[in-house]
Amino acid sequence: MDLRLELSEQGGWSVLLVGGEVDVATAPRLREQLIKLVNDQRFQIVVDLGGVDFIDSTGLGVLIGALKRVRTQGGELALVCTERRILKVFEITGLDRVFRIGGTVEEAMAG
Amino acid sequence: MDLRLELSEQGGWSVLLVGGEVDVATAPRLREQLIKLVNDQRFQIVVDLGGVDFIDSTGLGVLIGALKRVRTQGGELALVCTERRILKVFEITGLDRVFRIGGTVEEAMAG
Amino acid sequence: MVVGPEAEVEVVVLALPPRPEVVSVARLVVGALAAADPSFDDERGADLRLAVSEACTNAIQAQLGRPAGPSHDAPIELRFEVGPGCIELAVSDHGGGFDPDRLESHPAVTDPARLEYEGGLGIPLIRLLADELEFRAADGGTTVVMTFGPRVSTGRVVS
Amino acid sequence: MVVGPEAEVEVVVLALPPRPEVVSVARLVVGALAAADPSFDDERGADLRLAVSEACTNAIQAQLGRPAGPSHDAPIELRFEVGPGCIELAVSDHGGGFDPDRLESHPAVTDPARLEYEGGLGIPLIRLLADELEFRAADGGTTVVMTFGPRVSTGRVVS
Ligand SMILES: Nc1ncnc2c1ncn2[C@@H]1O[C@H](COP(=O)(O)OP(=O)(O)O)[C@@H](O)[C@H]1O
Ligand SMILES: Nc1ncnc2c1ncn2[C@@H]1O[C@H](COP(=O)(O)OP(=O)(O)O)[C@@H](O)[C@H]1O
């Protein structure tokens with residue numbers, strides 16, 4: 001379905017802008033992209049959820065897996081999220097205490 | 001469902017701005033509003049379809065009925081429509097030759 | 001959707017109560033199915049939404065015109081067969097049936113006398129939008145079967 | 001919708017092929033049904049879309065995990081009962097069933113060891129979002145029945 005991924009570099013971080021819906025149909029593409037970054041030795045990653053209209057547990061699982069991979073390498077995976085509906089999913093699962101979540105890419109990188 | 005109606009006056013014409021979807025569920029509200037105008041002796045009507053995302057034959061039927069009513073009174077009912085997808089429905093039914101269709105309210109009134 | 005590597009024809013079935021308010025749900029579903037097949041562009045998706053809207057409206061109106069009872073209240077059923085580059089759509093009702101070859105004929109739209117009739121545009125629109133159209137008498141009602149390829153031949157108009 | 005003057009409870013049924021790509025169609029339908037009932041606000045509509053997404057994902061994954069054959073390919077069925085101020089949603093699969101009381105328990109999300117598990121968040125989310133939840137073993141599979149009122153009690157979090 002509808003998932004958009006846009007990769008850029010900013011201050012030594014890889015910034016992955018995600019748009020559309022992250023569910024069981026689209027999460028594999030997100031997972032692949034994040035695994036590719038780690039394989040390319042990119043361990044400082046911002047996932048910008050700015051364009052995401054919907055995320056469910058399959059999408060959360062992909063982010064958890066990616067966090068695990070970069071942390072193993074001493075890196076970090078931070079999120080950008082401002083949309084209340086998406087933030088709510090992180091809050092009710094408690095994952096807002098696991099991921100660093102900023103309102104902008106700069107905030108996310110600053111930690 | 002989702003139908004928005006906004007009535008205003010412009011140069012002696014009643015301008016009805018329509019938004020949302022015009023189908024069997026919502027057309028009755030549009031019909032009522034148009035009948036009310038005629039009952040109020042408003043025989044110069046512009047129906048601005050600017051906010052319409054969808055219209056089907058039920059919606060077209062309501063417009064045909066209203067055209068009939070104002071013409072009977074020597075009045076006119078003109079349409080504003082620029083959205084290609086909505087125009088297409090008028091074109092394939094031949095109703096683009098029955099209704100005066102302008103790109104703006106001014107064009108529709110000017111005839 | 002439904003047009004993955006392993007996909008042949010996928011079937012989606014939707015049963016709706018015979019109420020005007022649910023026709024928009026039928027449009028949403030057919031719109032999503034068309035959008036998921038890259039061979040259907042936005043315009044063709046709009047054709048499908050219009051055709052399903054017309055067929056459901058007729059089905060619902062036929063049932064609501066019947067006396068209270070099962071054939072008034074029974075769900076109308078939509079069956080979508082989605083294959084690569086083709087969507088077949090069947091709408092079934094319990095509205096008592098009709099003879100599609102004996103529809104009232106109306107004056108041409110440009111004839112002022114046509115303004116007497118608010119109705120009668122639904123089936124002509126379906127005929128125009130679908131590549132194939134069949135009405136099957138079935139079970140105290142009608143099944144309208146419409147087939148859509150990616151593009152309607154251009155230049156057709158309702159006659 | 002469905003909450004007209006004469007409306008009691010309306011039933012909408014949707015049968016989908018067990019493919020990840022159709023979960024979005026299920027979300028669309030439940031979103032439209034919720035949006036049509038004024039007692040459900042946007043946020044509650046989002047809850048419903050999330051819950052249906054989780055339930056369909058589980059149903060589809062259970063079936064796709066089975067060997068080729070009817071229980072692999074059979075449609076999953078969604079049944080929406082929409083009444084004033086209440087939506088009951090049942091998702092049925094042929095995925096072989098499971099015991100919801102014996103799910104693997106994971107460390108708390110804040111425990112670094114939790115990062116070993118990408119899964120296990122779906123059912124906790126459904127529990128949180130639905131006002132009532134029941135798993136019924138049925139017919140070589142599972143029917144998950146979720147009931148939603150207009151608002152979930154606030155302040156709940158997945159434990
Ligand atoms: N599914 C149906 N069951 C019974 N009668 C139908 C059905 N579909 C169409 N009809 C009949 O055919 C007529 C023409 O249909 P249509 O062209 O869609 O125009 P309209 O519905 O506006 O009258 C209807 O008025 C109705 O009498
Ligand atoms: N409908 C179902 N049929 C069979 N097993 C199921 C079903 N729903 C859930 N399960 C089982 O319960 C487990 C936990 O489900 P869930 O909390 O949604 O997390 P996840 O699906 O990510 O593992 C699943 O891994 C699966 O083994």
Pull out the residues in residues 54-63 of chain A that come under 4.5 Å of chain D, heavy atom to heavy atom, sorted by number. A:Phe54, A:Ile55, A:Asp56, A:Ser57, A:Thr58, A:Leu60, A:Gly61, A:Val62
Side-chain donor-acceptor contacts of residues 81-92 of chain D below 3.5 Å, not counting sequence neighbours, with atom names and distances?
| residue | atom | partner | partner atom | Å |
| --- | --- | --- | --- | --- |
| D:Glu81 | OE2 | D:Arg79 | NH1 | 2.6 |
| D:Ser92 | OG | D:Thr143 | OG1 | 2.9 |

Can you give me the closest heavy-atom contact between A:Glu21 and D:Ser24, atom names plus distance? OE1-CB, 3.9 Å
Do the side chains of D:Leu129 and A:Ile92 get nearer than 4.5 Å, heavy atoms only? yes
Should A:Asp23 and D:Thr57 count as side-chain neighbours, where that means a heavy-atom distance under 4.5 Å? no
Who wins among D:Arg114, D:Arg27, D:Gln61 for the most heavy-atom pairs under 4.5 Å with chain A? D:Arg27
For D:Val109 and A:Val98 the tightest heavy-atom approach is O-CG2, 3.1 Å
Identify which part of A:Val24 has an atom lying under 4.5 Å from any heavy atom of chain D, answering side chain, backbone, both or neither. both
Check this for me: A:Glu6, atom CD, are more than 12 non-hydrogen atoms of other residues, nucleotides or ligands nearer than 6.0 Å? no
Enter the distance from A:Arg85:CZ to D:Asp42:CG here, rounded to the nearest 0.5 Å. 5.0 Å
side-chain contact (heavy atoms from CB on, under 4.5 Å) evaluation trace for A:Thr93 with D:Leu128: CA-CA 9 Å; A:Thr93 51; D:Leu128 196 76; over 6 Å; no
Would you mind checking if D:Glu118 and A:Lys68 are paired as a salt bridge, meaning a charged N to carboxylate O distance below 4.0 Å? no
